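Worksheet: one structure, shown below.
Note that the coordinates shown come from a computational prediction; the quantities given were computed from them, not determined experimentally.
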Amino acid sequence: MSEGRGRSLSLPTGAEKLRYVRRMFTGIAGRYDFMNRVMTLGMDRAWRRAAVAELGCSPGDLVLDVGTGTGDFLCLLAGLGCRAVGLDLTADMMRAGQGKLTRLSTRPSFVQGDAVRLPFPDDCFEGLVNGFLLRNVADLPGALAEMARVVRPGGRVACLEITWPSVPIFREVFGVYFGRMVPVMGRLLTGDGDAYSYLPRSVAAFVSPVELAALMAEAGLRQVRYRPMALGAVALHVGVKPGG
């Protein structure tokens with residue numbers, strides 16, 4: 001546990017976490033995209049593009065976005081000619097993103113569901129991506145195992161997640177910005193201070209990039225690697241399903 005990360009603050013677990021996350025995202029769905037752009041200074045778009053690039057998708061590939069939210073990844077995947085499917089726990093988040101999909105020449109699909117119990121058969125997607133999801137699942141090993149299950153042999157899983165930086169000076173700056181300023185911004189811009197108080201606490205309590213890579217390998221993925229971005233405030237993990 002790193003000093004200053006606030007891991008002593010309790011967070012919901014299990015079924016309680018599932019209910020809390022659904023309720024939280026329902027409350028902020030209408031302002032989610034706006035707050036993301038403000039909070040990340042627009043950099044989240046570049047991070048998402050990097051994650052999609054790691055999949056190595058070809059036109060016509062069937063790709064799943066787990067925890068799709070308002071569908072930002074779906075737009076990028078559709079732009080590459082992929083057949084994209086987005087799954088999310090919260091119906092209001094997907095409804096908030098419907099307007100994006102109507103402007104696309106290829107219409108992705110939204111499916112409501114839980115990352116820990118993906119409603120798809122084995123080996124059916126050429127690739128899978130998720131962004132800022134893993135901190136919010138009730139069972140992290142279970143969710144990773146499900147992702148590995150539904151990807152075809154040889155397919156890639158790309159996971160984009162906020163992390164607590166390890167660079168000493170930037171870690172302190174990040175702690176002030178993310179731990180103190182973001183909750184205030186969230187309250188002012190969305191009217192929901194609790195959601196944006198949960199955000200830094202969930203990052204502080206999450207596994208390290210090294211630990212996440214190990215969990216992906218335990219879930220059955222191979223050639224797992226990750227790279228830090230934004231001075232270590234974001235990590236992009238990639239793993240390959242063996243075979244193919």
Side-chain angles (χ1 to χ4, degrees), residues 1-14 16-48 51 65-73 88-90 92-94 96-97 114-115 129-140 143 159-166 170-209 211-212 228-237:
M1 185 182 303
S2 298
E3 183 179 354
R5 289 178 58 168
R7 287 193 176 186
S8 61
L9 296 174
S10 62
L11 291 168
T13 59
E16 181 188 356
K17 184 171 186 177
L18 191 71
R19 291 190 295 269
Y20 178 87
V21 167
R22 181 187 286 117
R23 185 172 63 250
M24 178 183 68
F25 282 106
T26 296
I28 64 174
R31 302 288 281 174
Y32 178 81
D33 285 344
F34 174 69
M35 184 61 187
N36 267 5
R37 303 293 107 81
V38 171
M39 182 174 59
T40 67
L41 305 178
M43 291 187 292
D44 62 302
R45 291 170 170 167
W47 303 335
R48 291 180 189 275
D65 172 19
V66 182
T68 189
T70 61
D72 280 347
F73 273 132
D88 202 89
L89 182 67
T90 308
D92 283 61
M93 288 287 285
M94 294 184 288
D114 184 358
V129 68
N130 60 83
F132 316 118
L133 160 79
L134 298 178
R135 292 170 292 104
N136 300 315
V137 299
D139 176 3
L140 178 57
C159 305
L160 183 67
E161 191 54 86
I162 304 172
T163 61
W164 209 273
S166 59
F170 182 62
R171 182 177 63 210
E172 300 305 318
V173 173
F174 181 83
V176 172
Y177 174 71
F178 204 58
R180 300 180 186 178
M181 295 178 64
V182 164
V184 174
M185 292 164 57
R187 184 172 64 251
L188 293 175
L189 297 178
T190 72
D192 192 333
D194 182 61
Y196 290 94
S197 173
Y198 164 84
L199 175 58
R201 289 188 295 129
S202 68
V203 173
F206 194 56
V207 296
S208 71
E211 291 167 332
L212 179 56
M229 297 186 290
L231 296 177
V234 174
L236 174 55
H237 287 68

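- Rounding to the nearest 0.5 Å places CD1 of I162 at 4.0 Å from CZ of F178.
- Within the 3.5 Å criterion, the main-chain N or O of D65 finds no donor-acceptor partner in the side chain of T68.
- Closest approach of P209 and A235 over heavy atoms only: CG-CB, 4.3 Å.
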Could you check F34 against I28 for side-chain contact (heavy atoms from CB on, under 4.5 Å), going step by step and ending with a plain yes or no? CA-CA 10 Å; F34 174 69; I28 64 174; over 6 Å; no
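- D72 and Y32 share no side-chain donor-acceptor pair at under 3.5 Å.
- Using a distance-only test at 3.5 Å, with no hydrogens or angles considered, no donor-acceptor pair links the side chain of S166 to the main chain of G232.
- R31 and T190 form no side-chain donor-acceptor contact under 3.5 Å, judged by distance and modelled atom types alone.
- With a 4.5 Å cut-off on side-chain heavy atoms, M229 and L236 count as touching.
- Judged purely by atom type and a 3.5 angstrom limit, D192 uses its side chain to pair as donor or acceptor with the backbone of A195.
- In this structure, OH on Y198 lies 6.5 Å from CG on L11, to the nearest 0.5 angstrom.
- Remark: side-chain polar atoms of K17 are paired, donor with acceptor, to backbone N or O of V137 under 3.5 angstrom.
- No donor-acceptor pair closer than 3.5 Å links the side chain of N130 to the backbone N or O of V66.
- Closest heavy-atom contact between A230 and W47: CB-CZ2, 3.7 Å.
- In this structure, P183 and G179 approach most closely via the heavy-atom pair CG-O, 3.5 Å.
- Taking each heavy atom of C159 and L134 in turn, the nearest pair found is CB-CD1, 3.9 Å.
- Rounding to the nearest 0.5 Å places CZ of R22 at 13.0 Å from CG of N136.
- With S208 contributing its side chain and E211 its backbone, the two residues share a donor-acceptor pair below 3.5 Å.
- Interatomic distance, OH of Y196 versus CZ of R187, reported as 13.5 Å (0.5 Å rounding).
- Closest of all the heavy-atom pairs between F25 and M93 is O-SD, 3.7 Å.
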What verdict does the side-chain contact (heavy atoms from CB on, under 4.5 Å) test give for V129 and L160, after you've listed the backbone C-alpha separation in whole Å, the side-chain angles of each residue and the deciding distance to 0.1 Å? CA-CA 8 Å; V129 68; L160 183 67; over 6 Å; no
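- The CG atom of L18 sits 11.0 Å away from the CZ atom of R23 when rounded to the nearest 0.5 Å.
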Starting from the C-alpha separation in whole Å, work towards a yes-or-no answer on side-chain contact (heavy atoms from CB on, under 4.5 Å) for E161 and V234. CA-CA 6 Å; E161 191 54 86; V234 174; over 6 Å; no
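- Rounded to the nearest 0.5 Å, atoms CG (L212) and CZ (R135) are 12.0 Å apart.
- Below 30°, between 30° and 60°, or above 60°: for F170 and F174 the angle between ring planes is between 30° and 60°, a tilted geometry.
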Pair V203-T163, side-chain contact (heavy atoms from CB on, under 4.5 Å): steps then yes or no: CA-CA 6 Å; V203 173; T163 61; 5.6 Å; no
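- The two residues M39 and Y177 come nearest to each other via the heavy atoms O-OH, 2.6 Å.
- Considering only heavy atoms from C-beta on, R45 comes within 4.5 Å of R37 through its side chain.
- A donor-acceptor contact closer than 3.5 angstrom links the side chains of D33 and T70.
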